[in-house]
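What follows is a set of notes on a single structure, which appears directly below.
Just so it is clear, the values below take in all heavy atoms, side chains as well, and ignore hydrogens, waters and symmetry mates. Only a predicted model underlies this, so the values are computations on that prediction, with no experimental measurement involved.
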Amino acid sequence: YFDTDAIFLASVANLTNAIGMETALTAMSDEGPEGAIALDGHGLNGAVLIFDPQHPYLLQCMKRLLVDSSPDVWGCVGPDLLTKVWQEEFRANSSRNATFEVLPAEAFYPSDFRLWLYPLTYFNTDLEVMETEKLNVKLKELYQSSFVYHFWNHMSKEMPAEPKTV
């Protein structure tokens with residue numbers, strides 16, 4: 001599954017059973033993404049889900065959805081649910097956690113969603129018009145570290161695409 005506001009920078013054909021951390025600003029332990037602690041309550045994100053059919057993690061998410069979801073609460077069926085199931089039922093159980101890979105934020109979310117809350121400030125450099133050389137360096141970094149660039153449509157939908165920006 002891929003959100004429609006995500007563009008591919010590299011092939012994901014070799015990824016199997018993978019999900020990404022939502023934000024690079026999430027605190028990481030020495031264990032890497034598997035030991036991450038989500039500072040804002042959002043650890044995993046569902047904009048990119050690469051799983052085999054009937055995968056135990058997805059099945060458990062669907063079961064929890066029936067119990068924990070509320071149609072009035074935005075996010076309760078997205079990052080909140082994905083993170084809760086991972087933290088409570090998979091992360092601590094090494095044999096269950098080994099059935100899928102949690103990739104670092106740069107893999108699918110190289111632009112932190114919080115930067116899009118204030119898009120026209122100096123915080124979000126992806127929106128800056130850049131000289132060709134600087135833009136080429138930034139794009140090369142993205143192509144080397146990321147499979148997908150997620151545009152966070154909920155926050156970026158009103159912004160026009162400008163030439164010479166990421």
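- One distance of note links CG of L15 with CZ of F51; it measures 11.0 Å at 0.5 Å rounding.
- Two residues are said to be in side-chain contact when any heavy atoms from C-beta on lie closer than 4.5 Å; L44 and M21 meet this criterion.
- In terms of heavy-atom proximity, A10 sits nearest to S146 at CB-O, 4.0 Å.
- Taking a 4.5 Å side-chain heavy-atom cut-off between Ile, Leu, Val, Met, Phe, Trp and Tyr, the cluster of M62 extends to L59.
- Using a distance-only test at 3.5 Å, with no hydrogens or angles considered, a donor-acceptor pair links the side chain of Y109 to the main chain of N45.
- One distance of note links CD of E22 with OG1 of T83; it measures 7.5 Å at 0.5 Å rounding.
- In this view, E88 and R64 satisfy the salt bridge (Lys or Arg N to Asp or Glu O under 4.0 Å) rule, not counting sequence neighbours.
- Here CZ of F8 is found 4.0 Å from CZ of F2. Values are rounded to the nearest 0.5 Å.
- Minimum heavy-atom separation, C61 to L82: SG-CD2, 3.8 Å.
- Atoms CG and CZ, from D52 and F100 in turn, are 12.5 Å apart once rounded to the nearest 0.5 Å.
- For the atom pair CD of Q144 and CG of L142, the computed distance is 10.0 Å after rounding to the nearest 0.5 Å.
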Assess whether side chain to side chain contact (heavy atoms under 4.5 Å, CB included) is satisfied between F108 and I19, documenting all intermediate values. CA-CA 9 Å; F108 303 134; I19 192 169; 5.9 Å; no
Which is it for L81 and L65 under the side chain to side chain contact (heavy atoms under 4.5 Å, CB included) test, yes or no, and what are the steps along the way? CA-CA 7 Å; L81 176 73; L65 177 67; 4.1 Å; yes
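- Under the 4.5 Å side-chain contact rule for hydrophobic residues, L66 and V85 do not share a cluster.
- When side chains are defined from C-beta on, V48 does not count as touching L103, because their heavy atoms never get closer than 4.5 Å.
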